[in-house]
Asks: 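Following this message is one structure expressed as structure tokens.
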Number of protein chains: 2
Amino acid sequence: MLWERAREPHAHRWSLPGGGLGADEDVEASIRRQLAEKVDVRQLSHVEQLAVFSAPTRVPGPRVVATAFLGLVPSDTDPVVPSDTAWHPVDALPATAFDHEAIILRARHRLASKLSYTNLGFALAPPSFTISALRSLYSAALGYKVSATNLQRVLSRRGLLEPTGGVAPVGPSGGRPAALFRFVSREMRVTDPFAVLRPPAGRSLGM
Amino acid sequence: MLWERAREPHAHRWSLPGGGLGADEDVEASIRRQLAEKVDVRQLSHVEQLAVFSAPTRVPGPRVVATAFLGLVPSDTDPVVPSDTAWHPVDALPATAFDHEAIILRARHRLASKLSYTNLGFALAPPSFTISALRSLYSAALGYKVSATNLQRVLSRRGLLEPTGGVAPVGPSGGRPAALFRFVSREMRVTDPFAVLRPPAGRSLGM
DNA sequence: CCAGGTTTTCGCCTTCCGGGCGAAAACGTG
DNA sequence: CACGTTTTCGCCCGGAAGGCGAAAACCTGG
């Protein structure tokens, strides 16, 4: 979601929502406030810090240090956005302001990585969905086609997915009706990757 | 590596090296400068941003926003540190100042994770080493024992490790002399984890 | 110089997971 | 009721983690 700058510098270029840090909030509270006030996004299914962008010349004028965030909402959310703001498909972005293109690239990379080794898909998906719909989400986020067969198997084997029991209405062209699924948990957890000798079951650093 | 605060607030508690951001540097240049000037660490084998810590009350007095870094040096480096500064084993840290304990916990967690799915071990190890020595490093960083057999096999299979040809001198208690190894690359690269249908060989987002 | 202890290294085996493929199931339509 | 479509399931393969024990290569003491 981007908004189009009206004034210089970088007039008519699109930029990420954000704003200054208030005296009584931390950076996460700040970005949540900005999104709620400016683009009506109040229910973020996932928020995490991306990185600090601090090059002295990243914006004209006085030095601005930005903490970039990755924020996700389910694919069916449709906030009431101002007229200068709009959704853009991530593989066809317009010209962006300042270093925002670099920030977006980092965000895309982070999302793609975490989709592979966490259950972060829950943050993009609606409460219930078909495997085909989930496949579309994953393909869009990852940038390449994924197999529905494999997606279901991998997520199921990790214990992340469970059937709701319901089925989706069939489309105009027929076909077997798709079963509906949901994510078992809607809090992020990492799928222990290969672990160079797994800990003796229990030992970890916490977090 | 921590230094002991002499003055209030938090006198006699230990704190992470760091300092203010200069006008003509970004945050990474800043932390490199701080480490070089204050604790004589000039050759960092790896540096990466950890997170921003920005709670309004994290330090007494005026608001301070900190960008925390994870910085690694090979285990054989021995910089000339001031008298109030010292190395501490990570599993027996003294009382730390402000929110530095939380920062350290994050750093340990990040390091442990990346040791599993990247070649980041090179940043902790000297140019050449035995498997036993590497095992000690990994065990210390991960917080649990790893098997030397598995460590060598996994790292070798990933193409990260190669034998130098030399052998280490044997200890006073005998035993077969250990072969020396080195990391193939000393730049960080991720070991493609399971990828929910791997991309068609080549397709990626870059970075 | 040989027996016994120590440390490292190698090979074999098992289990588990990603990945591909094709058949079967379950719907529409003409 | 035959046919196309979409989803789902089962079967198989290869590769990687993980465990275990034997073999290799060194030391020391008798």
Side-chain angles (χ1 to χ4, degrees), chain A residues 113 115-119 121 128-136 138-139 142 144-181 190-201 203, chain B residues 115-119 121 128-139 142 144-181 190-201 203:
Chain A
S113 300
L115 279 182
S116 292
Y117 69 91
T118 71
N119 62 341
S128 96
F129 47 84
T130 67
I131 296 297
S132 302
L134 193 64
R135 189 188 93 102
S136 300
Y138 270 73
S139 295
L142 292 171
Y144 54 83
K145 300 267 190 264
V146 304
S147 135
T149 300
N150 244 327
L151 185 62
Q152 176 180 5
R153 173 175 36 212
V154 168
L155 295 182
S156 297
R157 188 141 51 187
R158 291 179 190 171
L160 305 180
L161 225 53
E162 72 184 1
T164 68
V167 295
V170 321
S173 64
R176 174 172 175 170
L180 290 174
F181 289 81
V190 304
T191 301
D192 194 9
F194 24 49
V196 182
L197 226 183
R198 221 165 289 275
R203 302 278 298 101
Chain B
L115 279 183
S116 292
Y117 69 89
T118 71
N119 62 342
S128 96
F129 47 83
T130 66
I131 296 297
S132 301
L134 193 64
R135 189 188 94 101
S136 301
L137 286 176
Y138 271 73
S139 295
L142 293 173
Y144 54 82
K145 300 269 190 265
V146 304
S147 133
T149 299
N150 243 328
L151 184 63
Q152 175 180 7
R153 173 175 35 211
V154 168
L155 295 182
S156 297
R157 187 144 46 189
R158 292 179 190 170
L160 304 180
L161 226 52
E162 74 185 359
T164 69
V167 295
V170 323
S173 64
R176 175 170 173 172
L180 290 173
F181 289 81
V190 304
T191 300
D192 193 8
F194 25 49
V196 183
L197 227 186
R198 221 164 289 275
R203 300 278 298 101

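Chain letters run A, B, ... following the sequence lines, proteins first, then strands; residues in each count from 1.
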Asks: Taking atom types as they are modelled, would you say the side chain of A:Arg157 forms a donor-acceptor pair with the base of C:dG18 within the 3.5 Å cutoff?
Replies: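 Flag set: donor-acceptor pair detected.
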
Asks: Nearest to the side chain of A:Val154, which nucleotide is it out of C:dG11, C:dG18, C:dT8?
Replies: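 Among the listed nucleotides, the one closest to the side chain of A:Val154 is C:dG18.
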
Asks: What's the OH-P distance between B:Tyr117 and D:dA17, to the nearest Å?
Replies: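 Distance check: B:Tyr117 OH to D:dA17 P gives 16 Å.
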
Asks: I need the CZ-C1' distance between A:Phe181 and D:dT7, as an integer number of Å.
Replies: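 Taking CZ of A:Phe181 and C1' of D:dT7, I get 10 Å after rounding.
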
Asks: Write down the distance between OH (B:Tyr138) and P (D:dA17), rounded to a whole number of angstrom.
Replies: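 After rounding, the reported distance stands at 12 Å.
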
Asks: Atom CG of B:Asn150 to atom P of D:dG21: distance rounded to whole Å?
Replies: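 The answer, rounded to whole Å, is 15 Å.
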
Asks: Going by the rule side-chain contact (heavy atoms from CB on, under 4.5 Å), which residues pair with A:Arg153 if we only count those two or more places apart in sequence or in a different chain?
Replies: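 Only A:Thr149, A:Asn150, A:Arg157 meet the side-chain contact (heavy atoms from CB on, under 4.5 Å) criterion with A:Arg153.
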
Asks: Taking atom P of D:dA17 as reference, at what distance in whole Å does atom CG of B:Leu160 sit?
Replies: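 Atom CG in B:Leu160 sits about 10 Å away from atom P in D:dA17.
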
Asks: Mapping B:Ser132 and B:Arg153 to their closest nucleotides on DNA chain C, which lands nearer the 5' end?
Replies: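 In this pair, the answer is B:Ser132.
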
Asks: Mind checking the CG-CG spacing from A:Leu134 to A:Leu151? Nearest 0.5 Å is all I need.
Replies: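 If we round to the nearest 0.5 Å, A:Leu134:CG and A:Leu151:CG are 5.0 Å apart.
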
Asks: Taking atom C1' of C:dC10 as reference, at what distance in whole Å does atom CD1 of B:Ile131 sit?
Replies: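 Going from B:Ile131 (CD1) to C:dC10 (C1'), I get 13 Å.
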
Asks: Strictly below 4.0 Å: does B:Arg135 bring a side-chain N or O up to OP1 or OP2 of C:dT8?
Replies: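 No, because none of the side-chain N or O atoms of B:Arg135 sits under 4.0 Å from OP1 or OP2 of C:dT8.
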
Asks: Which atom pairs, donor and acceptor, lie under 3.5 Å between side-chain atoms of residues 160-170 of chain A and protein residues at least two apart or in another chain?
Replies:
residue	atom	partner	partner atom	Å
A:Glu162	OE2	A:Arg182	NE	2.8
A:Thr164	OG1	A:Gly166	N	3.1
A:Thr164	OG1	A:Leu180	O	3.4

Asks: How far apart are the closest heavy atoms of B:Val146 and B:Arg135, and which atoms are they?
Replies: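 Closest approach of B:Val146 to B:Arg135: O-NH1, 2.8 Å.
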
Asks: What is the distance from atom OH of B:Tyr117 to atom OG of A:Ser113, rounded to the nearest 0.5 Å?
Replies: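 These two atoms lie 7.5 Å from each other.
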
Asks: Please report, rounded to the nearest Å, how far the C1' atom of D:dA17 is from the CD atom of B:Gln152.
Replies: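 Spelled out: CD on B:Gln152 to C1' on D:dA17 is 15 Å.
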
Asks: By nearest nucleotide on DNA chain D, pick out whichever of B:Thr149 and A:Leu180 is the more 5' one.
Replies: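 Here A:Leu180 is the residue nearer the 5' end.
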
Asks: If I compare all heavy atoms of A:Ser139 with all of A:Lys145, which pair ends up nearest, and what's the gap?
Replies: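 Where A:Ser139 meets A:Lys145 most closely, the heavy atoms are OG-CA, 3.8 Å.
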
Asks: Can you check each nucleotide of nucleotides 23-30 of chain D against protein heavy atoms at under 4.0 Å and return B for base, S for sugar-phosphate only, - for none, in 5' to 3' order?
Replies: -BBBS---

Asks: Compare every heavy atom of B:Thr118 with every heavy atom of B:Arg158, then report the nearest pair and how far apart it is.
Replies: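 Reported closest heavy-atom pair: NH1-O, 4.4 Å.
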
Asks: Provide, to the nearest angstrom, the distance between the CG atom belonging to A:Leu151 and the P atom belonging to C:dG20.
Replies: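 That distance rounds to 13 Å.
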
Asks: Tell me, please, which residues at least two apart from B:Ser132 pass side-chain contact (heavy atoms from CB on, under 4.5 Å).
Replies: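 side-chain contact (heavy atoms from CB on, under 4.5 Å) list for B:Ser132, sorted by chain: B:Thr130.
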
Asks: Could you work out how much the helix from C:dC1-D:dG30 to C:dG30-D:dC1 bends, comparing the axis of its first five pairs with that of its last five, to 10°?
Replies: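 Rounded value for the end-axis angle: 10°.
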
Asks: With sequence neighbours left out, what residues match B:Phe129 under ring-ring contact (aromatic ring centres under 6.0 Å, His included)?
Replies: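 B:Phe183.
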
